[in-house]
Amino acid sequence: MSRYWVEGVNLPNLKQPPVKDLRTFWTPTDKVFLLNHVGVPRTDGAERSIAIKGLVARETTIAIDDLRGMPQHEVAAFHECAGHPLHPTVAVRRVANVVWKGVPLKHVLAKAGVRPEARFVWSAGADGGDYHGIDIPAFVKDLPIGEAERGDVMLALQMNGADLDAVRGGPVRLVVPGYYGTNSTKWLVGLDLQPERSPGYFTTVMYNDRRTENGREIATPVWRVAPHSIIVEPAHAQQLVLGRESRIRGWAWGADPIRTVEVSTDGGATWIAAKVEPRVQHSWQEFSLAWSPTSAGDYCLRCRAIDEHGRGQPHEDARNSVFSIDVCISNP
Ligand SMILES: Nc1nc2c(c(=O)[nH]1)N[C@H]1C(S)=C(S)[C@@H](COP(=O)(O)O)O[C@H]1N2
Ligand SMILES: [Mo]
């Protein structure tokens, strides 16, 4: 068993490598977090197929082998978990950067013919069961039809060049680049075209950020990823030596490209713009800053990303709140 597993009740449902292990642009598969809400379903890949129903011209079933026979596309994308559904304002920094390969969802939907009244695509996984005392008949997510028509939303068969294994959601899962990981339904068994959002527990009950405006509750689905950034070098609690130039380096990402990353070495009192690499597809972007501290002592390093629309990161109480580490500079 991997050393990153955190024990679940029945199954290991969460694996999360520490941020300091995410030093490479592409995250190797053994360092990509894993998350399952109710466990890993027992599935036999050879027999599996995906049923497409609802507001379609003809109900259609696509066998996994048919999917393998269709033209395959690749998309590079960051993959970020929105955090615990019951604690949505806690930042967990569960993130990776990977390459998915599979068939665009729109090519699969075209086989069934989407009717004009369809506004949402519901995707269902083969898993279901008890979640904190609530019976989940099946894991279901939804996404607006306009997003489903994007060429990079995929039925993925591979991640990082290898077939998806049973824990990763294989043989086939949905991947929605730019959306929080929760929307990328693993062990995909059904697609349902509907005029409304799904009533599922993980669609319209959990995973909706609620606020009150003029006495009315407004719920924002946890879909598009908000700007976020992490420092991977130096590592939290690392000892550095005075006089040697250090580099502060990390990753920034969001549904929209990141334009600016600011770094603070004094716990947020002052901020300096780092160099930010351009975005490739939906990948995370590297930022770096040369740093030559002039005195020994403890330093609090922070980073904050701002996207091309000017959206940034809150200081606290958000899944994308500003990331902070402490390092110690000692005399040589
Ligand atoms: N069927 C199914 N799909 C699922 C989940 C799940 O519990 N069941 N978890 C979601 C969540 S919350 C996340 S963050 C990602 C995790 O994908 P990974 O385990 O490949 O990293 O899968 C999503 N898809
Ligand atoms: Mo998640």
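Residue numbers count from 1 along this sequence. Order of listing sets the numbers, starting from 1, for every ligand and every atom in it.
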Which atoms of ligand 1 are found less than 4.0 Å from any heavy atom of T182?
10 (C), 11 (C), 12 (S), 13 (C), 14 (S), 23 (C)
Counting only nitrogen or oxygen atoms and a 3.5 angstrom limit, does F33 reach ligand 1?
yes
Quick check on contacts: which atoms of ligand 1 are under 4.0 angstrom from a heavy atom of C81?
14 (S)
Charged N to carboxylate O below 4.0 Å: is that the case for R259 and E308?
no
Y207 six-ring face occupied by K141 cation (under 6.0 Å, within 45°)
yes
Could you tell me, atom by atom, which parts of ligand 1 come under 4.0 Å of a heavy atom of S184?
22 (O), 23 (C), 24 (N)
Check: F323 and V19 side chains under 4.5 Å, non-hydrogen atoms:
yes
Check whether any side-chain heavy atom of Y131 sits under 4.5 Å from a side-chain heavy atom of P85, and report yes or no.
yes
Point-to-point distance, once rounded to the nearest 0.5 Å, from CG of L34 to CG of N13:
10.0 Å
Please confirm whether Y131 approaches ligand 1 to less than 4.0 Å, judged on its heavy atoms.
no
Number the atoms of ligand 1 from 1 as they appear, then name those within less than 4.0 Å of a heavy atom of Y207, with their elements.
12 (S)
A student checking ligand 1 against L35 at a 4.0 Å heavy-atom cut-off should list atoms 9 (N), 11 (C), 12 (S), 16 (C), 19 (O)
A student checking ligand 1 against D127 at a 4.0 Å heavy-atom cut-off should list atoms 1 (N), 2 (C), 6 (C), 7 (O), 8 (N)
For K111 and D66: C-alpha separation, side-chain torsions, deciding distance, then whether salt bridge (charged side-chain N to carboxylate O under 4.0 Å, His left out) applies.
CA-CA 12 Å; K111 289 193 179 285; D66 294 342; over 6 Å; no
As a check for students: among K141, E80, H37, R173, identify the option with a heavy atom nearest to atom 17 (O) of ligand 1.
R173
Close-contact set for ligand 1 against N36 heavy atoms, below 4.0 Å
7 (O)
Indicate yes or no: at least one non-hydrogen side-chain atom of P221 is less than 4.5 angstrom from one of Y180.
no
Quick one: do E147 and R150 make a salt bridge, cutoff under 4.0 Å?
yes
Please state whether L34 comes within less than 4.0 angstrom of ligand 1, counting heavy atoms only.
yes
Tell me, which protein residue and heavy-atom name are nearest atom 2 (C) of ligand 1, and how many Å apart are they?
F139 CD2, 3.2 Å
With atoms numbered from 1 as shown, which atoms in ligand 1 lie under 4.0 angstrom from a non-hydrogen atom of W187?
1 (N), 2 (C), 8 (N)
Taking the side chain as everything from C-beta on, heavy atoms only, tell me whether P28 gets closer than 4.5 Å to N160.
no
